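Report on one structure; see the data block that follows.
For the single chain, residues carry numbers from 1 onward in sequence order. Since the structure is predicted, the reported quantities are computational estimates derived from the model, not experimental observations. Indexing begins at 1, ligand by ligand and atom by atom, following the structure's order.
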Amino acid sequence: MASGAARRRGQGGATISGKTTVVGIIGDPVTHSRSPAIHNAAFAALALDMAYVPLPVRAPGLGAAVEGLRALGFRGANITIPYKGSVVSLLDWVDADARLAEAVNTIVVDDDVLRGYNTDIDGVRESVLDAAGDTLAGRAALVFGAGGAARAAALALARLGMEITLVNRTAARAERLAALLEAAVPGTHCRRVPLDAVSPTDVAGHRMLVNATSLGMGGTSKVPDWMADNVSAEQIVLDLVYTETETDLVVRARESRAIVIDGLQMLVRQAAVAFELWTGRRAPLKVMQDAVT
Ligand code: NAP
């Protein structure tokens, strides 16, 4: 049971006062988001007088909403689908990694300055190090997708020294991501395989498989069979998608006895980086993980 102090400090939104520092999540939709549960649990655990609120925003209101963070004295916000790219041009300052990824998922309001960060890159890095240690240099990773999540994942894995193969529905986006990676991470060479040409051998040859598409999200189709059918026990599978129940890819990867990093583990890891940016405190990882499991 929560202590009186924890209750006064806003656990579960019970007691928010005029002194409470507010952060939130801007997106459309945000009703499914697990981030409020993760952050509010962490604020309560560290007895921080902070609260995290969902902020559903329609596209025409994005500029006003972001400016409103400053006007309303927010400490910051997470940015989620579909605004991680479009928010970049609305900020006063953008971190170098967020520029590379062309996506901001965390805003910090610092003395009225709107600063943008991308915590997905560190989130992928930390989740992968948790699962496999620093053993992946020179090994191959197949990244399926070329959107914001794929850019973050591919950058993190290339920096860990992995050889990247990109597969994407729209070939031009994969080409662009390959060029970005090769420019950003010296020594990286990126293979591209067209979506209609991926073979079981391609999949088997990779130590790590990453689903960075939106396939597997509620209401969308599963990842293709070439991916789910060819997972082996020697592989690490990272599925960035998270849903109420485990995705088909995660279920199949567990059945194959692969090492699995699911979307919720990644969500917690990227949230921990955002928490540290807003609070300057070390994130209570176990509390955050327990809040979503
Ligand atoms: P995005 O920028 O819109 O990119 C979507 C990607 O999915 C693109 O590569 C797109 O291919 C591909 N795609 C969509 N529908 C497809 C289909 N029917 N067949 C094949 N490919 C398809 O989205 P994002 O920001 O990268 O997010 C992707 C997923 O990652 C989302 O589910 C998001 O929630 C999740 N995510 C999770 C975390 C976490 O912490 N767990 C963090 C970030 C993102 P095209 O280029 O051809 O359109």
(request) Check the hydrophobic clustering (I, L, V, M, F, W, Y; side-chain heavy atoms under 4.5 Å; chains of links allowed) and say if V231 and V143 are grouped together. (result) no
(request) Carefully, step by step, assess T119 and N105 under the rule side chain to side chain donor-acceptor pair (under 3.5 Å). (result) CA-CA 7 Å; T119 68; N105 76 338; 3.0 Å; yes
(message) Assess whether a salt bridge exists between R115 and D110, defined as any Lys/Arg side-chain N lying under 4.0 Å from an Asp/Glu carboxylate O.
(response) yes
(message) Would you call the rings of W226 and F144 parallel, tilted or perpendicular, taking 30° and 60° as the class edges?
(response) perpendicular
(message) I want to check something: taking the side chain as every heavy atom from C-beta on, are Y83 and D28 in contact at a cut-off of under 4.5 Å?
(response) yes
(message) Residue by residue, ordered by chain and number, which ones reach under 4.0 Å of ligand 1 with a heavy atom?
(response) I81, K84, D120, G145, A146, G147, G148, A149, N168, R169, T170, R173, A212, T213, S214, L215, M217, L240, V241, Y242, G263, M266, L267, Q270
(request) State which residue, out of V167, L238, D239, I261, fulfils the side-chain contact (heavy atoms from CB on, under 4.5 Å) condition with V210. (result) L238
